[in-house]
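Computation of the quantities below employed the complete heavy-atom set of this structure, encompassing side-chain atoms and omitting hydrogens, waters and symmetry-equivalent molecules. This chain uses plain numbering: 1 for the first residue, then up along the sequence.
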Amino acid sequence: MKLFISLLLALAMRTTHAAPACEAPPPAPIDIEANSYYADANHSVIDPEKRARNIASTKPIESFLSHVARDANGRDAACALTWLASWGERRAMLGKLSSEQAYYVRKWTLSGMALNYARVKPQATSAQRAAIEGWFKALAEATIAHADAKKGARNNHYYWEGLAVTAVGGVTGETRYLDWGRKVLHDALGQMAPDGALPAEMARGVKALHYQVFAATPLVMMASILDIRDPRLETLVAFTVAAAADPSGIARRSGFKQEPADSREVTTLYNRHAGKPSPPAGQALWQARLGGALDVPNPLEHLQ
């Protein structure tokens, strides 16, 4: 019996030591420094030097989101909330933004933070909810202000802004943000060509297919959060999936041979909302900007 108890104590100590401790949250960046890294008019050719500079300058924010996503997806919910509340209390990312690329970084990060927060919100204290949700609302307001002031064609960036604000609406219950996201979704579907192509993305040269997929992804997630069922979504998804399987049509349309793209994120999210079978199993889908593990439904999604 003594040996059995000793083994249990040893196992408990190993388990305790194996669990990673929650590291102190990193300093909260108030300003965002980022730069564009494309070298051509179509924004399809990457300048490696500029790309490396952008990755280095945005790494603290990307690393923060990655850490929060891993914690929110089962590693340590309490730690995810601690980190989010820490940056919320310091009003991170609400200062000076150096460029349009900096605005892109902020909206992608907001989308990911809100969708990951949805997974752990039930475990948040009232103080954490106040700090996190108040911060999210301020970021959503800043996102709306930037989007509404921007002139010109609406493209994938507008759609990701829509998802970020919609996700904030989902976790805070603010109708204004849900309504704004609904407007973005309807604007996007109104821009879509009859066959499901998104015109602004078709102008991206060798990356037209890549950006068709990249633009469709926030749209189908928004549709699920808002529980919108529209036959145009089926057209959008069908075109995107068919083009990913055979890019020759987009190649003829754009005049450029296309880089390959994977449409499983689109079909995983859309099929779950539409009540269709999941796409064929493959490598597990993970996207911090979309709430982490895509094979596990987000609490904000409406499932059929």
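A search for side chain to side chain donor-acceptor pair (under 3.5 Å) contacts involving S248 returns D246, not counting sequence neighbours. With sequence neighbours excluded, the residues satisfying side-chain contact (heavy atoms from CB on, under 4.5 Å) with E259 are V206, K207. For K183, the side chain to side chain donor-acceptor pair (under 3.5 Å) partners two or more places apart in sequence, or in a different chain, are Y158. A search for side chain to side chain donor-acceptor pair (under 3.5 Å) contacts involving Q101 returns nothing, not counting sequence neighbours.
Taking 4.0 Å as the cut-off between side-chain N and carboxylate O, E161 and K150 do not count as a salt-bridged pair. Under a 4.0 Å N-O distance rule, the pair R182/D179 qualifies as a salt bridge. The pair D295-R264 does not meet the salt-bridge criterion, since no charged nitrogen lies less than 4.0 angstrom from a carboxylate oxygen.
Note on Y270: it does not cluster hydrophobically with W286, by side-chain heavy-atom contacts below 4.5 Å among ILVMFWY residues.
Distance check, rounded to the nearest 0.5 Å: CG of L65 to CH2 of W108 gives 12.0 Å. Note that CD of E301 and CG of L290 are 9.5 Å apart. Values are rounded to the nearest 0.5 Å. Considering CZ of R272 and OG1 of T267, their distance stands at 10.0 Å, rounded to 0.5 Å. Atom CG of L269 and atom CE of M221 lie 5.0 Å apart (nearest 0.5 Å).
A ring-ring contact (aromatic ring centres under 6.0 Å, His included) check over residues 71-102, counting only residues at least two apart or in different chains, returns the pairs F64-W83, F64-W87, H67-W83. Sorted by first and then second residue, the ring-ring contact (aromatic ring centres under 6.0 Å, His included) pairs involving residues 216-251 (not counting sequence neighbours) form an empty list.
Checked by atom type and distance alone, the side chain of H210 never pairs as donor or acceptor with a backbone atom of A261 at under 3.5 Å. The closest donor-acceptor contact from the side chain of D31 to the backbone of M93 lies at 3.5 Å or more, if one exists at all.
With 3.5 Å as the limit, one finds no donor-acceptor pair spanning the side chains of Q212 and R204.
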